Amino acid sequence: MNRPFTLLTWNVNGIRARLDDVLSFLAEKSPDVACLQETKCEDKVFPRVPFAELGYTVHIHGAKGYAGVATLSKVKPTEVVLGFRGGDADSACRILNTEIDGLRLYNLYVPNGTALGTEAFTYKLAWLARLKAELAEHCSPAAPVILCGDFNIAPDERDVVDPRALVGSTHFSPEEHAALRELLAFGLQDCFRKHDDRPGQYTWWDYRRADFDRNRGMRIDHVYASAPLYARCESVVHDKTPRGWDAPSDHIPVIASFGGP
DNA sequence: ATGACACGCCGAGCGTGA
């Protein structure tokens, strides 16, 4: 991407349940690339056509009723990899790895982890370690690389309401923080924190207890960039507008803007 | 402390989410 571009990442919590929201948001913001998570549908029923009509090439990696990722781009990708490279297939449909106009873009839906001490939690940590290994083997931090999506980890105390209340809980454990640190040690930086050091800047709020109205959420949707792109990042916006629409996703869209090289 | 919302499974609660 040897020109300015914008990138959207959004956990939509069901693309069919959120189709009108996503289409109107894309039509208004017109990002060059859009990474969607939790599409929750098989590829054969993914609503490709309306996105194509907005000018996007559509790549999807989905499964029935659960998880699923989609990457939409105005420029057609030169490479598309579903899941991890090599080894067993990413049957959970959590990774869509594309190369778009020289940009290596990982659209990620990191496993939830459920609770500390569960198999799902072990899987989450192993999944992050495997991603780190793949980056080390196949990518260079000197190249333009972006990892974005729903990481299901709040990086630090500014990204949660009450750190003490989360002791022993998933999404904010020392183990998850270590796994994220290890992944980012590849050579990636948090684009949001380049521009904003305030606490309480969340991207997800539970539907229950009126948590959105009380701003009781977490910042778990992130855009991480390698040095050459981090330097070009001009803004990262958490757009709360769609959360005010009828029957919204529990996550809001995050839009990162990058200037020219 | 517990439960609280929502989605998609298919036609009712249930698994999952975070």
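Everything numeric here is computed off the predicted structure, so don't read it as measured data. Residue numbers begin at 1 in each chain, while the letters A, B, ... track the order of the sequences. Computed from heavy atoms alone, side chains included, the values below leave out hydrogens, waters and symmetry copies.
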A.B. asks: Check the orientation of A:H238 and A:F192. Use parallel for under 30°, tilted for 30 to 60°, and perpendicular for over 60°.
C.D. replies: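 Rings of A:H238 and A:F192: parallel, as their planes differ by under 30°.
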A.B. asks: May I have the distance from A:I15 (atom CD1) to B:dA6 (atom P), rounded to whole angstrom?
C.D. replies: 19 Å
A.B. asks: To the nearest Å, how far apart are A:D206 CG and B:dA6 C1'?
C.D. replies: 10 Å
A.B. asks: Does a side-chain N or O from A:R16 land closer than 4.0 Å to OP1 or OP2 of B:dC9, or not?
C.D. replies: yes
A.B. asks: Hey, does A:N152 reach any base, or is it just sugar-phosphate, or nothing, if we go heavy atoms under 4.0 Å?
C.D. replies: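 Sugar-phosphate only.
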A.B. asks: Scan side-chain atoms only and decide if A:N13 and A:S249 contain a donor-acceptor pair under the 3.5 Å cut-off.
C.D. replies: no
A.B. asks: For B:dA6, does either OP1 or OP2 sit under 4.0 Å from a side-chain N or O belonging to A:S249?
C.D. replies: no
A.B. asks: Quick check on ring pair (Phe, Tyr, Trp, His ring centres under 6.0 Å): which of A:H177, A:H222, A:H251, A:H171 does A:F151 satisfy it with?
C.D. replies: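 Single pass found, and it is A:H222.
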A.B. asks: Record whether the side chain of A:N112 comes under 3.5 Å of the base of B:dA18 through a donor-acceptor pair of N or O atoms.
C.D. replies: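 Check passes, donor-acceptor contact within cut-off.
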A.B. asks: If you draw the axis of the six-membered ring of A:Y230, does the NZ or CZ of A:K194 fall within 45° of it and under 6.0 Å from the ring centre?
C.D. replies: yes
A.B. asks: Report the distance from atom OH of A:Y202 to atom P of B:dA18, rounded to the nearest whole Å.
C.D. replies: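 To the nearest whole Å, that distance equals 17 Å.
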A.B. asks: Is there a side-chain polar atom (N or O) of A:R18 under 4.0 Å from OP1 or OP2 of B:dA6?
C.D. replies: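 Answer no for this pair, as no side-chain N or O of A:R18 is under 4.0 Å from OP1 or OP2.
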A.B. asks: Does B:dG17 have OP1 or OP2 under 4.0 Å away from a side-chain N or O of A:N11?
C.D. replies: no
A.B. asks: Rounded to the nearest Å, what distance is computed from the CG atom of residue A:D246 to the P atom of nucleotide B:dA6?
C.D. replies: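 Rounded to whole Å, this separation is 11 Å.
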A.B. asks: Would you kindly give the CZ-to-P distance between A:F151 and B:dA18, to the nearest whole Å?
C.D. replies: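 Atom-to-atom, A:F151 to B:dA18, this comes out as 14 Å.
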A.B. asks: Mind checking if A:D150 touches a base, just sugar-phosphate, or nothing, with heavy atoms under 4.0 Å?
C.D. replies: sugar-phosphate
A.B. asks: Taking the C1' atom in each of B:dA12 and B:dA1, what is the distance between them to the nearest angstrom?
C.D. replies: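 These two C1' atoms come out 29 Å apart once rounded.
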A.B. asks: When you match A:R209 and A:T39 each to their closest nucleotide on DNA chain B, which lands nearer the 5' end?
C.D. replies: A:R209
A.B. asks: Which is more 5' along DNA chain B, the nucleotide nearest A:E38 or the one nearest A:A17? Just name the residue.
C.D. replies: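 Going by which nucleotide is closer to the 5' end, it is A:A17.
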A.B. asks: Given the ring of A:F258, does A:R232 sit roughly above its face, with NZ or CZ under 6.0 Å from the centre of the six-membered ring and within 45° of the axis?
C.D. replies: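 No, A:R232 does not lie over the aromatic ring of A:F258.
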A.B. asks: Do A:W205 and A:D250 have side-chain heavy atoms sitting under 4.5 Å apart?
C.D. replies: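 When only atoms from C-beta onward are counted, A:D250 and A:W205 do not touch, as no gap falls below 4.5 Å.
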A.B. asks: Give me the distance, rounded to whole Å, that separates B:dC10 from B:dA6 when you measure between the P atoms they each carry.
C.D. replies: 22 Å
A.B. asks: For a quick check of understanding: with a heavy-atom distance under 4.0 Å over all strands, which category does A:Y109 fall into, base, sugar-phosphate or nothing?
C.D. replies: sugar-phosphate
A.B. asks: Sticking with atom P, work out how far B:dT2 lies from B:dG13, rounded to a whole angstrom.
C.D. replies: 25 Å
A.B. asks: Could you tell me the separation between the CE atom of A:M218 and the P atom of B:dA18, rounded to a whole number of Å?
C.D. replies: 10 Å
A.B. asks: How is A:D211 classified with respect to the nucleic acid when contacts are heavy atoms under 4.0 Å: base, sugar-phosphate, or nothing?
C.D. replies: nothing
A.B. asks: Would you mind reading off the distance between A:R208 atom CZ and B:dG17 atom C1', rounded to a whole angstrom?
C.D. replies: 9 Å
A.B. asks: Please tell me if A:H251 has a side-chain N or O lying less than 4.0 Å from either OP1 or OP2 of B:dA18.
C.D. replies: yes
A.B. asks: Can you tell me the distance, in whole Å, between the CZ atom of A:R243 and the P atom of B:dA18?
C.D. replies: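 It is 12 Å, rounded to the nearest whole Å.
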A.B. asks: Would you tell me if any nitrogen or oxygen in the side chain of A:Y66 comes within less than 4.0 Å of OP1 or OP2 on B:dG17?
C.D. replies: yes
